Novice: 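Once you've had a glance at the structure underneath, I'll fire off some questions.
Model, not experiment: these values are computed from the prediction.
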Amino acid sequence: MPKRFTGENVFDAAVDRMVEIYDAGHRVVVSFSAGKDSTCALHICLIAAEQTGRLPVEVIMRDEEIMFPGTFEYAERVASWSEVSFHWIYACQPIINVCNRTNPYWWVFDPELSPDEWVRQPPDIAYRIEEKSIERMTIAERFPLNEGQDLYSVIGLRTQESRGRNMTIYSSKGHVTKPNFYGTYHARPIYDWTDGDVWKAIQMFKWDYNEAYNVMHKMGVPRNKLRIAPPTMSASGLDTLRLASHAWPQWFEKVCRRCPGIRQAAHYGKLAMQPIRRINETWKDAYIRLCITEAPAWIAERATAYMELRIREHDAHSPEPLPDLAPCMLCGGGNGVTGSWKAMLQIMYTGDPFSFKNRRLNFVEPETFRPGAGVWGGKPSF
């Protein structure tokens with residue numbers, strides 16, 4: 001679908017979007033990660049709230065324990081601003097460790113460990129919540145509403161980051177989504193900003209930001225790959241994690257003790273987490289061997305279910321067997337993303353517990369690896 005150019009610059013457009021929401025009297029909470037995008041979204045809300053007499057701006061951040069040094073230091077500076085009402089929460093929820101196929105979860109501020117074993121401890125202003133689903137960060141139970149008010153969660157989503165994010169804007173027909181299961185709307189005021197817009201705004205207005213970006217950039221990370229997220233969640237972040245091991249060696253040692261397999265993965269990069277097919281072995285044989293026969297039980301169970309599902313769907317539109325390498329373009333919603341044994345192997349080799357790439361299977365519940373740990377009760381991650 002073509003872009004629509006309005007003639008208005010993206011900064012003014014973002015402010016206007018939030019002014020409209022504040023003017024309507026709704027309750028607005030900024031979902032903050034201490035990353036560059038949520039930084040810009042926060043400042044847009046500060047400007048809009050000041051124009052409409054709605055200061056202070058409410059902000060919520062879920063502490064994930066393991067982030068690049070400088071991240072939580074920046075968050076503490078933001079929390080000290082007088083024009084901000086900061087909710088610093090933590091949920092002790094599991095996060096993916098892609099480097100460990102046997103047990104892919106580690107628990108944030110794990111209550112079964114001594115606090116000395118954590119990479120860091122939460123600040124005094126932090127408080128624990130029981131809800132593990134990230135969708136339940138901003139809910140009416142935590143942010144009560146007056147009559148006629150709606151609850152808006154402001155997120156720093158930008159369509160430049162991925163085609164999927166671009167399509168979410170088209171599907172919702174604008175920067176505001178429909179209310180989710182809990183009745184919360186999501187507002188995405190900077191959805192049309194580029195990386196250049198983000199850094200230009202930070203530089204032009206001299207906004208404070210996460211100093212980890214400076215270190216990452218000096219270590220050679222390109223501007224379009226500067227990300228602030230839990231570094232153990234995806235194989236795509238392992239190359240950056242290797243650079244981080246040189247930039248912050250003491251922090252890296254703590255992370256290695258906390259999450260088994262991180263040291264080897266940081267040393268070998270994404271290659272350490274990719275399936276290796278044997279000589280003269282088909283991709284189908286490799287899938288069965290690596291994802292079922294030789295895989296941990298939880299991966300084998302998911303891989304078997306996924307294999308049966310894909311074969312059944314493929315058989316419904318083709319008399320030929322599922323392709324080994326070249327994807328069937330009728331599989332996977334017509335895009336061929338999962339229409340071959342090779343594609344399936346690349347998705348299921350790590351089990352994909354959060355269903356980032358495999359939307360057909362449910363998330364792997366925390367209780368799978370720790371009895372009594374509960375269930376997600378919603379999406380585990382954005």
Side-chain angles (χ1 to χ4, degrees), residues 64-66 91-114 117-119 132 229-242 244-245 252-278 281 283-309 341-376 380-381:
E64 312 287 21
E65 183 187 344
I66 300 178
C92 298
Q93 85 284 0
I95 290 181
I96 295 174
N97 176 10
V98 295
C99 309
N100 189 341
R101 295 178 76 213
T102 302
N103 187 344
Y105 285 159
W106 62 272
W107 269 255
V108 173
F109 301 124
D110 193 341
E112 295 191 4
L113 298 178
S114 166
E117 298 180 75
W118 301 341
V119 172
K132 293 178 174 58
T232 66
M233 283 188 67
S234 68
S236 61
L238 295 179
D239 291 337
T240 304
L241 189 61
R242 177 177 55 82
S245 69
F252 181 71
E253 287 299 318
K254 291 182 180 179
V255 174
C256 289
R257 289 194 294 269
R258 188 79 167 81
C259 302
I262 286 292
R263 191 185 308 278
Q264 294 86 346
H267 180 75
Y268 293 105
K270 288 186 290 186
L271 182 64
M273 300 313 303
Q274 291 179 346
I276 299 177
R277 183 175 58 124
R278 292 172 177 169
E281 186 178 40
W283 286 107
K284 177 181 178 180
D285 291 340
Y287 181 92
I288 294 173
R289 176 175 61 86
L290 294 171
C291 295
I292 299 177
T293 307
E294 298 178 1
W298 75 274
I299 293 181
E301 181 180 352
R302 283 173 67 82
T304 300
Y306 192 53
M307 174 184 68
E308 293 173 350
L309 172 66
W341 286 101
K342 179 182 179 181
M344 290 168 52
L345 173 58
Q346 292 173 331
I347 291 173
M348 295 306 302
Y349 179 69
T350 61
D352 195 20
F354 276 12
S355 297
F356 283 138
K357 297 180 179 179
N358 166 23
R359 304 289 183 176
R360 307 303 301 278
L361 299 181
N362 293 329
F363 315 115
V364 179
E365 301 291 357
E367 286 191 341
T368 303
F369 302 102
R370 181 176 290 188
V375 297
W376 289 113
S381 178

Novice: Rounded to the nearest 0.5 Å, what separates atom CG in L290 from atom CZ in R277?
Specialist: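 Taking CG in L290 and CZ in R277, the distance rounds to 11.0 Å.
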Novice: Using 0.5 Å steps for rounding, measure from the CZ atom of R263 to the OG atom of S245.
Specialist: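 Atom-to-atom, R263:CZ and S245:OG are 9.0 Å apart.
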Novice: Show your reasoning for whether side-chain contact (heavy atoms from CB on, under 4.5 Å) applies to D110 and R370.
Specialist: CA-CA 12 Å; D110 193 341; R370 181 176 290 188; 2.8 Å; yes
Novice: With a 6.0 Å cut-off (strictly less than), is the heavy-atom count around NZ of K132, excluding the residue itself, greater than 12?
Specialist: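 Check passes, neighbour count above 12.
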Novice: Between G351 and R302, what is the shortest heavy-atom contact and its length?
Specialist: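 Reported closest heavy-atom pair: O-NE, 2.9 Å.
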Novice: Ignoring hydrogens, what is the shortest heavy-atom contact between I95 and M233? Give both atom names and the distance.
Specialist: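 Heavy-atom minimum between the residues: CG2-CG, 3.6 Å.
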Novice: Atom CG of N100 and atom OG1 of T232: how far apart are they, to the nearest 0.5 Å?
Specialist: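 With rounding to 0.5 Å, CG (N100) is 10.5 Å from OG1 (T232).
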Novice: Check residues 342-350 and write down every donor-acceptor pair under 3.5 Å in which the side-chain atom is one partner and the other belongs to a residue at least two apart or another chain.
Specialist:
none

Novice: Determine yes or no for a side-chain-to-main-chain donor-acceptor pair under 3.5 angstrom, with W298 supplying the side chain and R101 the backbone.
Specialist: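 Answer holds: yes.
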Novice: Just by modelled atom types, is the V119 backbone N or O under 3.5 Å from a matching donor or acceptor in the E65 side chain?
Specialist: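 Present.
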Novice: Ignoring hydrogens, what is the shortest heavy-atom contact between P231 and I66? Give both atom names and the distance.
Specialist: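 Taking every non-hydrogen atom into account, CD-O, 3.4 Å.
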Novice: Would you name the heavy atoms of A303 and Y287 that are closest together and state the gap between them?
Specialist: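 Nearest pair, atom of A303 first, then Y287: O-OH, 2.7 Å.
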Novice: According to ring pair (Phe, Tyr, Trp, His ring centres under 6.0 Å), who are the partners of W106, at least two apart in sequence or on a separate chain?
Specialist: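 None.
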Novice: Working to the nearest 0.5 Å, report the span between CD1 of I288 and OG1 of T304.
Specialist: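 One gets 9.0 Å once the value is rounded to the nearest 0.5 Å.
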Novice: Atom SG of C256 and atom CG of L241: how far apart are they, to the nearest 0.5 Å?
Specialist: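 Interatomic distance, C256 SG to L241 CG, rounded to 0.5 Å: 7.5 Å.
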Novice: Using the six-membered ring wherever Trp is involved, compare the ring planes of Y105 and F354 and label them parallel, tilted or perpendicular (cut-offs 30° and 60°).
Specialist: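 Rings of Y105 and F354: tilted, as their planes differ by 30° to 60°.
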Novice: Given side-chain contact (heavy atoms from CB on, under 4.5 Å), test I262 with F252 step by step and report yes or no.
Specialist: CA-CA 9 Å; I262 286 292; F252 181 71; 3.9 Å; yes
Novice: Check whether any side-chain N or O of D352 sits under 3.5 Å from a backbone N or O of K357 as a donor-acceptor pair, and report yes or no.
Specialist: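 Yes.
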Novice: Considering non-hydrogen atoms only, spot the tightest contact between M307 and I292 and give its length.
Specialist: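 Smallest heavy-atom distance, with atoms named: CE-CD1, 4.0 Å.
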Novice: If only atom types and distance count, is the side chain of W118 paired as donor or acceptor with the main-chain N or O of R258 below 3.5 Å?
Specialist: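 No, the answer is negative, given that no donor and acceptor are paired below the 3.5 Å cut-off.
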Novice: Can any side-chain N or O of N97 pair as donor or acceptor with the backbone N or O of P260 at less than 3.5 Å?
Specialist: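 Looks like yes, one N/O pair under 3.5 Å.
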Novice: Start with the C-alpha distance between W107 and L113, add both sets of side-chain angles, then the distance that settles side-chain contact (heavy atoms from CB on, under 4.5 Å), and finish with yes or no.
Specialist: CA-CA 10 Å; W107 269 255; L113 298 178; over 6 Å; no
Novice: Supply the atom-to-atom distance T368 OG1 to E301 CD, rounded to the nearest 0.5 angstrom.
Specialist: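 Result: 8.0 Å between the selected atoms.
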Novice: Locate the shortest heavy-atom distance separating E367 from A373; write the atom from each residue and the value.
Specialist: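 What the structure gives for the nearest pair is CG-N, 3.7 Å.
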Novice: Got a sec: does the CD of E365 have more than 12 other heavy atoms crowding it under 6.0 Å?
Specialist: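 Atom CD in E365 is packed in, count exceeds 12.
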